[in-house]
Amino acid sequence: MADLLFNVRNSFYLGAYNTVINEAADLDLSEAESIERDCFVYRSYIALGSYDLVISEIRDSAATGLLAVKLLAQYLSGRKLKEDVIATLQDWLSDSACNRNTTVLLIAGMIHAQEGNYPEALKCCHGSTNLEMQALCVQVYLKMDRPDKAELQVKTMSSIDDDATLTQLATAWVAQALGGAKVQEAAYVYQELGEKYNYTASLYNGRAVCYMKMGRWEDADHDLQEAFSKDAKDPDTLSNLITVGLHLGKNVARYQTQLKMAAANHPNVKRLEAADEAFARAAASIA
């Protein structure tokens with residue numbers, strides 16, 4: 001039986017969010033498939049920063065999975081207090097009708113991971129056969145500086161579907177974290193996915209990070225310029241352009257301004273602000 005949502009899911013994992021939105025519109029689906037499709041479409045809008053659209057369009061009477069997506073938009077946009085978001089998640093996870101819903105568990109894991117609550121994030125997703133939930137576990141283990149655990153999780157993913165895009169991406173993430181010769185292997189993964197499907201800002205960023213780790217700054221800059229041409233507001237692209245630009249002796253002031261406008265809470269923005277404040281204090285003490 002054909003998987004009508006394969007291209008929608010795959011495009012989402014590759015970061016081709018506009019493709020998800022465009023391709024999902026014309027599919028003839030069952031009710032359950034329609035809900036899954038809508039979840040990916042609205043998550044794509046979230047990835048593109050269109051939080052208000054998601055919040056306004058998903059009604060309170062919507063399916064549980066869609067309500068979880070709406071909660072993610074409310075959380076990321078700051079439209080709902082973090083305490084209220086966590087309380088809502090706790091209510092859902094204690095409800096037997098909700099706590100088996102894959103989208104609820106995934107988004108609960110994502111929010112807990114964003115909050116740095118890694119044990120709770122793993123609790124939401126651990127043991128699932130869903131590849132996206134397993135990929136989240138890989139990301140959490142890497143944030144915990146446990147590449148050994150992440151590597152074991154990738155082996156589990158490979159045993160389910162070795163060729164799946166998520167398995168390939170997770171393999172690249174772990175290879176990047178392990179460093180050394182593995183970084184070149186990760187670069188090949190991003191290249192193969194780009195050639196097999198289409199290059200996205202996400203894939204260009206992945207390979208650019210590999211090039212940075214290998215000291216190939218000009219190659220990294222080339223990939224990031226390609227990423228920038230696909231999405232000039234992507235925070236990862238802007239952040240990486242700043243890093244590469246500084247190594248190449250370029251003026252990165254415009255990228256810094258764009259990053260502040262695109263993602264005020266980005267870690268690089270926080271570091272820039274802290275550096276500016278430290279400079280201002282030092283200047284004031286000398287004056």
Any residue meeting salt bridge (charged side-chain N to carboxylate O under 4.0 Å, His left out) with [X], in chain and number order, not counting sequence neighbours:
{"X": "D162", "answer": "none"}
{"X": "E185", "answer": "K182"}
{"X": "D221", "answer": "K250"}

What distance separates [X] [atom1] from [Y] [atom2], expressed to the nearest 0.5 Å?
{"X": "N198", "Y": "L203", "atom1": "CG", "atom2": "CG", "value": "9.5 Å"}
{"X": "L48", "Y": "N18", "atom1": "CG", "atom2": "CG", "value": "5.0 Å"}
{"X": "Q153", "Y": "M133", "atom1": "CD", "atom2": "CE", "value": "10.5 Å"}

Item to complete: Give me the one residue out of T237, D236, D231 that meets side-chain hydrogen bond (donor to acceptor under 3.5 Å, both in side chains) with N205.
Response: T237
Item to complete: Provide the full list of salt bridge (Lys or Arg N to Asp or Glu O under 4.0 Å) pairs with a residue in residues 199-209, sequence neighbours left out, each pair given once.
Response: R207-D223
Worksheet item: Is there any salt bridge (Lys or Arg N to Asp or Glu O under 4.0 Å) pair reaching into residues 74-90, and which pairs are they, with sequence neighbours excluded?
Response: D52-R79, K82-E115
Fill in: Residue from I55, L89, I107 passing side chain to side chain contact (heavy atoms under 4.5 Å, CB included) with L71
L89
Discussion item. Taking side chain to side chain contact (heavy atoms under 4.5 Å, CB included) as the criterion, tell me which of V20, I21, V41 meets it with F12.
Written reply: V20
Identify every side-chain donor-acceptor pair in residues 120-129 under 3.5 Å, counting partners at least two apart or on other chains, and give the distances.
unit_1, atom_1, unit_2, atom_2, d
E120, OE2, K123, NZ, 3.0
H126, NE2, Y141, OH, 3.2
S128, OG, N130, N, 3.0

Worksheet item: Among side-chain atoms of D161 and T167, is any donor-acceptor pair under 3.5 angstrom?
Response: no
Worksheet item: What's the shortest heavy-atom distance between M157 and A170, and which atoms?
Response: SD-CB, 3.9 Å
Item to complete: Search all heavy atoms of A186 against all heavy atoms of C210 and return the closest pair with its distance.
Response: CB-SG, 3.7 Å
Worksheet item: Taking S44 for the side chain and F40 for the main chain, is one N or O donor matched with an acceptor at less than 3.5 Å?
Response: yes
